[in-house]
Structure formats: structure tokens, C-alpha cells
Amino acid sequence: ILDLNLPDMDGTSLLVELVGRFDTTVVVLTGESEPRTIRAAHVMGARSIVSKADPSEHIVRALDRAVEGEHYFSPGIAAVLDAAPAHEPR
């Protein structure tokens, strides 16, 4: 489980390193609400992404799905992505 907002480093950089170097499954638990950052985390290898604002049951659901090799977005994350344009300007 990884938070994207770390005090001493960029969480997305650590995500890339974890997935690339250790071939591990990563579930992101985050307070991030920027769609571009959430999409980037998914593209960079996050198996599941859970908003810290969602009930804790979604962490368990995300972990279960990740173990099964599936992707999962908690309701808070899905709402952020659904509200954003599919292709935001860079």
C-alpha cells in the first residue's frame, strides 16, 4: 500500500520503482484529487487506487481485487475520474 503524497519523495516515482524493480502489486491509498495524477498512477502500475475519504472497507476490497490480479477504483476515485475530461490538456 502506497500513498502518492510522501513527505520526502514523489510517490509516483516510488510506484514506478516498486513495480519495475520488484515486480510487485501496488495498491495506492491517497488523498489526491487531481485526475491527471490518479490516471498517471494507474498507467505507472498501481493495481488499485483508493481515496482516503472512502470507508475503510474499500481498502480491503482493493487488496482482494489486487491479489486476484484485478484493478479497482474506490467510489471517491471513480467519481474524480468520471468528472474529469478523458483527455486533459498537458
Separation between OG1 of Thr24 and CG of Leu15, rounded to the nearest 0.5 Å:
10.5 Å

Run the side chain to side chain contact (heavy atoms under 4.5 Å, CB included) test against Val80 and tell me which residues pass, sequence neighbours left out.
Pro35, Ile38

With sequence neighbours left out, what residues match His42 under side chain to side chain contact (heavy atoms under 4.5 Å, CB included)?
Ile49, His71, Phe73

Roughly how far, to the nearest 0.5 Å, is CG of Asp64 from CD1 of Ile59?
12.0 Å

Yes or no on side-chain contact (heavy atoms from CB on, under 4.5 Å) for Val26 and Val19, after CA distance, side-chain angles and deciding distance?
CA-CA 7 Å; Val26 177; Val19 172; 3.9 Å; yes

Suppose we screen for side-chain hydrogen bond (donor to acceptor under 3.5 Å, both in side chains). Which residues come up paired with Ser74, at least two apart in sequence or across chains?
Asp54

Same cluster (ILVMFWY, side-chain, under 4.5 Å), Val27 and Phe22:
no

Sidechain-backbone polar pair: Glu68 side chain, Glu70 backbone, donor-acceptor under 3.5 Å:
no

Sequence neighbours left out, what passes side-chain hydrogen bond (donor to acceptor under 3.5 Å, both in side chains) with Glu17? Give chain and number order.
Arg21

d(Met44 CE, Arg39 CZ) to nearest 0.5 Å is 13.5 Å

Co-membership, hydrophobic cluster, residues Ile1 and Val50, 4.5 Å side-chain
yes

For residues Leu29 and Leu2, determine if any side-chain heavy atom of one lies less than 4.5 Å from a side-chain heavy atom of the other.
no

With Val67, which residues qualify under side chain to side chain contact (heavy atoms under 4.5 Å, CB included), at least two apart?
none

Are Val16 and Leu6 connected, step by step, through hydrophobic side chains (Ile, Leu, Val, Met, Phe, Trp, Tyr) whose heavy atoms are closer than 4.5 Å?
yes

At what distance, to the nearest 0.5 angstrom, does CD1 of Ile77 lie from OG of Ser33?
8.5 Å

Scan residues 3-16 for pairs that pass salt bridge (Lys or Arg N to Asp or Glu O under 4.0 Å), counting only residues two or more places apart or in two chains.
Asp3-Lys52

Rounded at 0.5 Å granularity, tell me how far CG in Leu4 sits from OG1 in Thr12.
6.5 Å

Nearest heavy-atom neighbours spanning Thr25 and Arg47
CG2-CB, 3.6 Å

Could you give the distance from CZ (Arg61) to OG (Ser48), rounded to the nearest 0.5 Å?
11.5 Å

